[in-house]
**Q** 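Below: one structure in structure tokens.
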Amino acid sequence: MPGQDIQKEVSELAKAIMVQGTMSNSGKSFLTAGLCRVFMQDGYKTAPFKSQNMALNSYITRDGLEIGRAQAMQAEACGIEPTVDMNPILLKPTSHVGSQVIVNGEVRGNWKAMDYYRDKTKLRADVLAAYERLAQEYEIIVIEGAGSPAEINLRENDIVNMGMAKMAKAPVLLVGDIDRGGVFAALYGTVKLLEEDEQRMIKGLVINKFRGDVQILKPGLRMIEEQLSIPVLGVVPLEPLDIDDEDSLSDRLTRTRKEAGIDVAVIHLPHISNFTDFSVFERMDGVSLRYVQKPGMLGSPDLILLPGTKNTMDDLQWMRESGMETLILRQAEKKTPVIGICGGFQMLGEVMEDPHGVEHGGFMRGMGLLGTRTVFSEAKTRTQISGRMEQGAGLWEDWTGREVSGYEIHMGVTENLGGCTELIRLADGRTDALANADGSVLGSYLHGIFDTAGFAESMIKKLMADKGMEYGSFHFDLQAHKEREYDRLADLVRRSFDMKKIYEILEEGI
């Protein structure tokens, strides 16, 4: 077994180690996945865990339950199937002061933030039950915290940072992001704002996203170790890795510059969700994928993508008031292809109705690009599913007769009012994917449809042919690519961490 000389026997019940951060987006999800991959490579049956995740990017498990996308990614790094026990509580923001609360993969309702923080201790039993099920099945659990443990206004009844570490009796690694500046102050301040017993649970400091010569950093490392009496166990360089990001803090969403080749514009909606649907386009030669936040940034792209959203009606209202909708309609008149996924698909239709107040209630005119009507329902459709392209249209014309797959997460049913071409017959007999007469406007509920082998490539090949561009030989195996990236991440963690000390911490616990 690799690294056998630094490993000790793991007992029948799972050992645990927790990754917390000085702030959001410090790299907790990334490093949790890296440790998961290392432990898996070293022969241990390993699983990720995050008691409470707040994210609009989510994933549907094989049994139709909803968890955070980051835990699905971490499970992939472990080489295991994602399950709801890895993320028992998921919060999907619907406004600045409220979220849809998902417990054990199913919607409990829309809660105001104050109500959630007042009542979240009632969910402690769900968290413990999920964790204990994992602990019975796996040898090592790598736990991810949320935000910062030093948010003193949220400390009472905490179930996601130090509160979770105490429940799991997990030693903690504290990660600081040096790329954003002030990393020593962030590490010192975070530790000192904790209770003394919590400070003792922090067994190592990690500095993430480092650029430059580490020799220049070493005096600071020695000083922070002396100040806190906690060792620095790793300095992780900032290296480009193609690992799925967790939320809207992702660097992917800052890609706004148009480059040469096919120009693909994703509309950056205020409540954008599951933007990883479009990651495949970032990997293709001759394709420039950018996120458009303001109408003036749209220009004349070759393809417009409307992504999923947690609040379809509010985001369409934003597009309407900002002028983005008008510009998209002008592009559609020029036959620029427009594709909507999930909430973006719903926007494309004639009308949206919300009789149960699932979003903000009432009736709303859609963009009018597809002859459809969407009625929001209180029940959420959650399923992994496959289907067959019974007929193609537009960019999907070459896919007639081919298999597609993806997953659905939506509240509402979209009805063809009679003028749309129905493209996909799903395995359960339902229809998905509707297009206008010439196929220039299409919509689908299937997240991940572009990851189907050859699907995105066929689309881009057509766009390149229209521009007189040469389509190179592009073959992309998504699963093989992911495996390579997880292995690269594990190599980065091994080079950057004192893994001997990590295994000692894992064995000793708290």
Side-chain angles (χ1 to χ4, degrees), residues 16 18-26 28-29 32 48-59 61 65-72 74 83-135 141-170 172 174 190 193-195 197-198 201 246-249 271 273 310-311 358 378 380 382 409:
M18 188 168 191
V19 180
Q20 297 186 18
T22 59
M23 64 185 77
S24 295
N25 206 32
S26 60
K28 297 185 295 292
S29 299
T32 296
F49 182 81
K50 187 168 186 175
S51 58
Q52 172 198 295
N53 197 350
M54 178 176 281
L56 287 175
N57 277 347
S58 60
Y59 176 86
T61 64
L65 300 173
E66 190 171 4
I67 64 173
R69 181 78 188 184
Q71 281 61 65
Q74 292 158 358
T83 71
V84 73
D85 286 340
M86 298 168 188
N87 178 212
I89 303 173
L90 174 62
L91 307 178
K92 302 185 79 171
T94 55
S95 69
H96 292 304
V97 294
S99 294
Q100 184 181 78
V101 179
I102 297 166
V103 181
N104 294 322
E106 298 186 340
V107 176
R108 285 279 178 94
N110 291 334
W111 294 11
K112 292 181 179 179
M114 286 298 296
D115 294 337
Y116 176 76
Y117 285 110
R118 186 186 64 240
D119 297 339
K120 67 179 177 178
T121 53
K122 298 175 182 177
L123 302 176
R124 180 186 174 95
D126 294 286
V127 169
L128 277 172
Y131 181 81
E132 288 171 3
R133 285 190 292 269
L134 289 180
I141 300 177
V142 187
I143 307 170
E144 181 187 346
S148 165
E151 292 167 350
I152 54 179
N153 58 313
L154 304 178
R155 175 183 291 161
E156 186 178 4
N157 301 323
D158 171 53
I159 59 172
V160 66
N161 286 309
M162 281 301 174
M164 184 64 230
K166 291 175 182 178
M167 284 189 271
K169 298 181 174 59
V172 175
L174 181 63
T190 298
L193 282 172
L194 301 177
E195 301 292 341
D197 65 323
E198 295 171 342
M201 295 177 70
E246 180 177 13
D247 54 32
S248 60
L249 290 171
H271 300 95
S273 65
K310 189 63 197 70
N311 200 318
V358 172
E378 294 178 293
K380 178 181 280 194
R382 307 182 313 261
I409 319 172

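Side-chain atoms are counted along with the backbone in the values below, which use heavy atoms only and exclude waters and symmetry mates.
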**Q** Rounded to the nearest 0.5 Å, how far apart are CG of Leu123 and CG of Asn157?
**A**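 Here the interatomic distance stands at 11.5 Å.
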
**Q** Does Ile159 offer a backbone N or O that forms a donor-acceptor pair with the side chain of Ser51 under 3.5 Å?
**A**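 Such a contact is found between Ser51 side chain and Ile159 backbone.
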
**Q** In terms of the angle between their ring planes, are Trp111 and Tyr116 parallel, tilted or perpendicular, with boundaries placed at 30° and 60°?
**A**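 Tilted.
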
**Q** Donor-acceptor check, side chain of Ser148 to backbone of Ala150, threshold 3.5 angstrom: yes or no?
**A**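 Here the side-chain-to-backbone pair exists.
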
**Q** Testing the basics here: between Ala170 and Ala16, what is the closest heavy-atom pair and its distance to 0.1 Å?
**A**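 So the minimum-distance heavy-atom pair works out to CB-CB, 3.9 Å.
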
**Q** Looking at CD of Glu132 and CD1 of Ile141, how far apart are the two atoms once the value is rounded to the nearest 0.5 Å?
**A**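 That separation rounds to 10.0 Å.
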
**Q** Which heavy-atom pair separates Gly147 from Ser24 by the least distance, and what is that distance?
**A**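 So the two residues come closest at CA-OG, 3.6 Å.
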
**Q** Roughly how far apart are Thr190 OG1 and Met23 CE, rounded to 0.5 Å?
**A**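 Separation between the atoms: 7.5 Å.
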
**Q** Which value, rounded to the nearest 0.5 Å, describes the distance between Lys28 atom NZ and Asn25 atom CG?
**A**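 So the NZ of Lys28 and the CG of Asn25 are separated by 7.5 Å.
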
**Q** Looking at every heavy atom in both Gly21 and Pro149, which two are closest together, and how far apart are they?
**A**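 Between these two residues, the closest heavy atoms are O-CD, 3.2 Å.
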
**Q** Which of these, Leu90, Leu91, Val160, sits in a side chain to side chain contact (heavy atoms under 4.5 Å, CB included) with Met54?
**A**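 One option only clears the test, and that one is Leu91.
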
**Q** About how many Å separate CD1 of Ile102 and CG of Asn87, when rounded to the nearest 0.5 Å?
**A**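 CD1 of Ile102 is found 9.0 Å from CG of Asn87.
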
**Q** CE/Met167 to CE/Met18 distance, rounded to the nearest 0.5 angstrom?
**A**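 One finds 8.5 Å between CE of Met167 and CE of Met18.
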
**Q** State which residues pass salt bridge (Lys or Arg N to Asp or Glu O under 4.0 Å) with Lys92; sequence neighbours excluded, sorted by chain then number.
**A**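 Lys92 satisfies salt bridge (Lys or Arg N to Asp or Glu O under 4.0 Å) with Glu66 once adjacent residues are dropped.
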
**Q** Going by atom types alone, do Lys380 and Gln100 pair a side-chain donor with an acceptor below 3.5 Å?
**A**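 Result is yes, a qualifying pair exists.
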
**Q** Considering all heavy atoms of both residues, which atom of Lys50 and which atom of Ala146 are nearest to each other, and what is their separation?
**A**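 Here Lys50 and Ala146 meet closest at CE-CB, 3.8 Å.
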
**Q** Using modelled atom types only, decide if a donor and an acceptor are shared between the side chain of Asp126 and the backbone of Asn104 within a distance under 3.5 Å.
**A**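 Looks like no, no N/O pair under 3.5 Å.
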
**Q** State whether Arg155 and Asp158 are salt-bridged, where the test is any N-O pair (Lys NZ or Arg NE/NH1/NH2 against Asp/Glu carboxylate O) under 4.0 Å.
**A**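 Salt bridge between Arg155 and Asp158, a charged N being under 4.0 Å from a carboxylate O: no.
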
**Q** Testing the basics here: between Val358 and Asn110, what is the closest heavy-atom pair and its distance to 0.1 Å?
**A**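 Closest pair (atom of Val358, atom of Asn110, distance): O-ND2, 3.8 Å.
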
**Q** Considering all heavy atoms of both residues, which atom of Val127 and which atom of Pro88 are nearest to each other, and what is their separation?
**A**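 In terms of heavy atoms, the two residues are closest at CA-CG, 4.1 Å.
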
**Q** Can Glu144 and Gln20 be counted as having a side-chain donor-acceptor contact under 3.5 angstrom?
**A**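 No, because no side-chain N or O of Glu144 sits under 3.5 Å from a partner of the opposite role on Gln20.
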
